[in-house]
Visitor: 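There's a structure below that I have some questions on.
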Amino acid sequence: SNGSYYVWPSVPILKSANLARIKVYDLYNKNVSNVSGLFNIIGSVKLNSPNGGENWTAGSSRSITWTSYAVTQLNISYQMNGGSWNVINATFAMNDTVQQMSWPISSTIALSNQTLIRISDTDNEANATDDSDATFNITALFDIPDPDGPADILIAGDPYEITWDKTGSGMSEVLLEYSTDGNTWRN
């Protein structure tokens, strides 16, 4: 390098607990040199998904994905509606090839359009952490078992009990609509 600075293109992918140093010396006279003070190299994490705008269904299993360097264990948590962080896995063991975790979202989880995921290096949560860039949604899933197909025959003018199951909690009211042509919906 010429001049008085150098942009290190890629810090080594290994941790250094206060043992790292930089040495600068004259290429043509190694007697002209200096060594920096001790410093740390820490792991890094970057959440890839969910990162905002996704719709994930209560009762489904979804992949949380990330990119990390020099990290051996993650704390993975979620937050809803600006509340407290809830642990999904406090000690997810890492290796170089596994950069995702399947999250079995509870079928009774509260529904939210303000959900975030946080991943943190358990060795350095203050400095090696990343949250979703924007919120995503935990939505309900409706299953309508009755009526559910051509075998169910409804008689015009008679009452009929429509039934459904849903995942997620916190939904107090639903709106039922019907269509007789597949395009126009009425309630």
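Any value given below was found using the heavy atoms of this structure, including those in side chains, with hydrogens, waters and symmetry copies removed.
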Visitor: Please verify the inter-ring angle class for W103 with Y78; under 30° counts as parallel, over 60° as perpendicular, anything in between as tilted.
Guide: tilted
Visitor: Does any N or O in the side chain of S120 come within less than 3.5 Å of the main-chain N or O of T122, such that one atom is a donor and the other an acceptor?
Guide: no
Visitor: Side chains of I64 and L47: does their closest heavy-atom pair fall under 4.5 Å?
Guide: yes
Visitor: Main chain of T91, side chain of N89: is a donor-acceptor contact present, judged purely on distance under 3.5 Å?
Guide: yes
Visitor: Going by heavy atoms in the side chains, are I162 and L176 under 4.5 Å from each other?
Guide: yes
Visitor: Can you find a heavy atom in the side chain of I22 that is under 4.5 Å from one in the side chain of W8?
Guide: yes
Visitor: Going from CE on M80 to CD1 on I109, what distance comes out if it is rounded to the nearest 0.5 angstrom?
Guide: 4.0 Å
Visitor: Might you work through the side chain to side chain donor-acceptor pair (under 3.5 Å) test for T108 and S106, ending with a clear yes or no?
Guide: CA-CA 5 Å; T108 60; S106 170; 2.9 Å; yes
Visitor: So do I144 and D148 actually touch side chain to side chain, heavy atoms under 4.5 Å?
Guide: no
Visitor: Hey, any chance V45 and F92 share a hydrophobic cluster, counting ILVMFWY side chains that come within less than 4.5 Å of each other, even indirectly?
Guide: yes
Visitor: Compare every heavy atom of I119 with every heavy atom of T129, then report the nearest pair and how far apart it is.
Guide: OG1-O, 3.0 Å
Visitor: With distance as the sole test, does T167 use its side chain to make a donor-acceptor pair with the main-chain N or O of A58 at under 3.5 Å?
Guide: yes
Visitor: Could you state the interatomic distance from CD1 (I138) to OG (S169), rounded to the nearest 0.5 Å?
Guide: 11.0 Å
Visitor: Do V87 and W56 belong together in a cluster built from hydrophobic side chains that touch within less than 4.5 Å?
Guide: no
Visitor: Can you see which heavy atom on D146 is nearest to which on Y160, and at what distance?
Guide: OD1-OH, 2.6 Å
Visitor: When you measure from the side chain of S132 to the backbone of P50, do you find a donor-acceptor pair of N or O atoms at a distance under 3.5 Å?
Guide: yes
Visitor: Could you walk me through whether E125 and N75 pass the side-chain contact (heavy atoms from CB on, under 4.5 Å) check?
Guide: CA-CA 8 Å; E125 293 195 43; N75 178 351; 3.6 Å; yes
Visitor: Take Y178 and W185 through the test ring pair (Phe, Tyr, Trp, His ring centres under 6.0 Å) and record every step on the way to the result.
Guide: CA-CA 5 Å; Y178 70 93; W185 293 95; 8.3 Å; no
Visitor: If you apply the rule side-chain contact (heavy atoms from CB on, under 4.5 Å), what do you find for D121 with Q73, and how did you get there?
Guide: CA-CA 6 Å; D121 180 355; Q73 187 170 274; 5.7 Å; no
Visitor: Restricting to non-hydrogen atoms, name the atom on S179 and the atom on T184 that form the minimum distance, rounded to 0.1 Å.
Guide: OG-O, 3.0 Å
Visitor: Please report the interatomic distance CG(N31) to CG(D26), rounded to the nearest 0.5 Å.
Guide: 9.5 Å
Visitor: Are I88 and M101 close enough that some pair of their side-chain heavy atoms sits under 4.5 Å apart?
Guide: yes
Visitor: Spell out, as yes or no, whether a donor-acceptor pair under 3.5 Å connects the side chain of N137 to the backbone of T139.
Guide: no
Visitor: Taking atom CZ of F142 as the centre, does the number of heavy atoms from other residues, nucleotides or ligands within less than 6.0 Å exceed 12?
Guide: yes
Visitor: Is a side-chain donor or acceptor of K166 paired with a backbone partner of G168 at a separation under 3.5 angstrom?
Guide: yes
Visitor: For residues L38 and R21, determine if any side-chain heavy atom of one lies less than 4.5 Å from a side-chain heavy atom of the other.
Guide: yes
Visitor: Check P147 against L154 and note the closest heavy-atom contact, atom names and distance.
Guide: CB-CD1, 4.0 Å
Visitor: One pair to check against side-chain contact (heavy atoms from CB on, under 4.5 Å): N51 and F136. What are the steps and the verdict?
Guide: CA-CA 7 Å; N51 222 13; F136 66 98; over 6 Å; no
Visitor: So V35 and Y25, do their side chains get closer than 4.5 Å, heavy atoms only?
Guide: no
Visitor: With a 4.0 Å cut-off, would you call K46 and D133 a salt bridge?
Guide: yes
Visitor: Tell me the closest heavy-atom pair linking Q114 and T135, and the distance in Å.
Guide: OE1-CG2, 3.6 Å
Visitor: Indicate the atoms forming the closest heavy-atom contact of Q100 with W66, along with that distance.
Guide: C-CH2, 3.4 Å
Visitor: For the residue pair N127 / N124, report whether a side-chain donor-acceptor contact shorter than 3.5 Å exists.
Guide: yes
Visitor: Rounded to the nearest 0.5 Å, what separation is found between the CD atom of E177 and the CZ atom of R186?
Guide: 10.5 Å
Visitor: Within the 4.5 Å heavy-atom criterion, are I117 and S77 side-chain neighbours or not?
Guide: no
Visitor: Verify the cluster assignment for M94 and I42: are they in a single hydrophobic cluster under the rule of side-chain heavy atoms below 4.5 Å apart?
Guide: no
